[in-house]
*Asks:* 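Take this structure first; my questions come after.
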Amino acid sequence: MNQHRKRDIRTIPKKELTEFLTAHNEKSFRSTQIFQWLWQKGSTSFREMTNLSEELRETLDANFIFKSLNPVDIQKSTDQTIKTCFQLYDNQLVESVLIPSPNTLTACLSTQVGCPLNCKFCATGKMGFKCNLTVGEIFDQIIFLQKQAQESFNQALTNIVFMGMGEPLLNYSNVLSAIEKITSPEGLGISPSRITLSTAGISRQIKQLADDKVRFNLAISLHTADNNKRNHLMPVNHSCNLEMLQEAIIYFHQKTSQRVTIEYVLLKNFNDSLIDAQKLARFCKEFPCKINLMEYNFVENLPFQKSDKENFEKFENFLKSKNIIVNRRHSKGDGIDAACGQLANKTKINLI
Ligand code: SF4
């Protein structure tokens with residue numbers, strides 16, 4: 001069969017694969033074996049599937065392909081953060097980041113090439129939207145970063161965050177299927193409590209997560225609790241304003257009993273005043289949450305600067321005085337454009 005007409009094996013549901021095998025006079029349990037190779041061992045070639053007969057491997061090869069990611073560039077920053085650029089089957093590029101800190105080793109994954117939401121502080125948003133990643137392409141990132149974690153730090157990953165390129169909730173079914181493969185015992189068996197999905201705040205999809213009773217953590221990139229400022233900073237606010245977002249978060253908490261994380265990047269003279277802190281405290285008082293305050297990472301040609309140390313502290317102390325749990329997040333990977341909001345495929349292809 002022509003290579004271009006073959007289907008990606010990792011898009012085939014198990015039931016359909018079983019039917020294919022039965023039609024080729026193979027026992028149905030072979031589909032379980034093939035799924036173990038795909039989703040437990042992360043295989044990206046039928047040749048590796050050594051408990052299948054040579055004949056079956058040839059049949060699979062003749063009918064299916066792997067649209068897998070190919071790492072084309074790796075950069076390491078002085079703080080040991082590692083950014084990997086992958087080439088997709090259709091030649092587009094996407095990036096993932098491995099972030100070490102004293103107690104954690106975090107994989108930051110992408111879910112789209114580019115992003116349609118165009119948040120004004122974000123380099124990915126400036127690229128526009130190119131495409132959604134498939135389940136296999138999301139899964140490949142984690143397999144690669146698991147190996148990279150062992151090779152570079154002699155340690156297993158402790159956390160997985162969907163905070164790379166793209167808005168995960170706009171690629172809902174592929175992201176949730178990938179998380180299912182990462183967490184299920186038939187997949188990698190990683191606890192959902194180690195996974196955090198971060199969204200710019202698509203209220204309808206947050207409610208969908210609640211109805212789907214997800215067990216991973218949810219983070220909301222809020223960045224201002226003022227509708228006018230948010231309309232400017234994050235155009236998604238025009239269709240999902242703060243009132244809709246707050247209602248969705250309350251619904252999410254009621255259905256899942258989970259405490260969400262609110263992410264807030266402090267931008268000098270934009271959202272870092274005490275009035276901004278008051279608005280944030282008011283927004284958050286309707287549901288249990290913790291707030292991550294983040295330093296802004298410089299992006300070329302964007303008008304924002306990071307907040308002064310003094311304003312940062314005043315902002316933080318005000319929230320703490322309201323008994324809100326606040327964590328300060330320091331930037332990692334800045335020198336290689338791997339920090340939050342900086343991923344924009346600046347890599348020149350350099351086959352490794
Ligand atoms: S911050 Fe996230 S949602 Fe906003 S443009 Fe960047 S990648 Fe998209």
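In each ligand, atom 1 is the first atom listed, and ligand 1 is the first ligand listed.
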*Asks:* Tell me which one of Arg329, His223, Glu295 satisfies side chain to side chain contact (heavy atoms under 4.5 Å, CB included) with Val265.
*Replies:* His223

*Asks:* Distance only, no hydrogens: is a donor on one side chain within 3.5 Å (strictly under) of an acceptor on the other, for Thr81 and Asp79?
*Replies:* yes

*Asks:* Touching ligand 1 at all, Gly166? Heavy atoms, strictly under 4.0 Å?
*Replies:* yes

*Asks:* Before accepting this row, confirm whether a basic side-chain N of the pair Asp90/Lys130 lies closer than 4.0 Å to the acidic partner's carboxylate O.
*Replies:* no

*Asks:* Looking at atom 6 (Fe) of ligand 1, is one of the N, O or S atoms of Cys119 less than 2.8 Å from it?
*Replies:* no

*Asks:* Which ligand 1 atoms are under 4.0 Å away from a heavy-atom of Gly125?
*Replies:* 5 (S)

*Asks:* Would you mind listing which atoms of ligand 1 come within a distance below 4.0 Å of any non-hydrogen atom of Asn118?
*Replies:* 5 (S)

*Asks:* Is there a side-chain contact between Met49 and Phe46 in this structure, where contact means two heavy atoms from C-beta onward sitting under 4.5 Å apart?
*Replies:* yes

*Asks:* Identify whether Phe64 and Tyr89 are in the same connected component of the hydrophobic contact network (ILVMFWY, side-chain heavy atoms under 4.5 Å).
*Replies:* no

*Asks:* What atoms of ligand 1 come closer than 4.0 angstrom to any heavy atom of Cys115?
*Replies:* 3 (S), 5 (S), 7 (S), 8 (Fe)

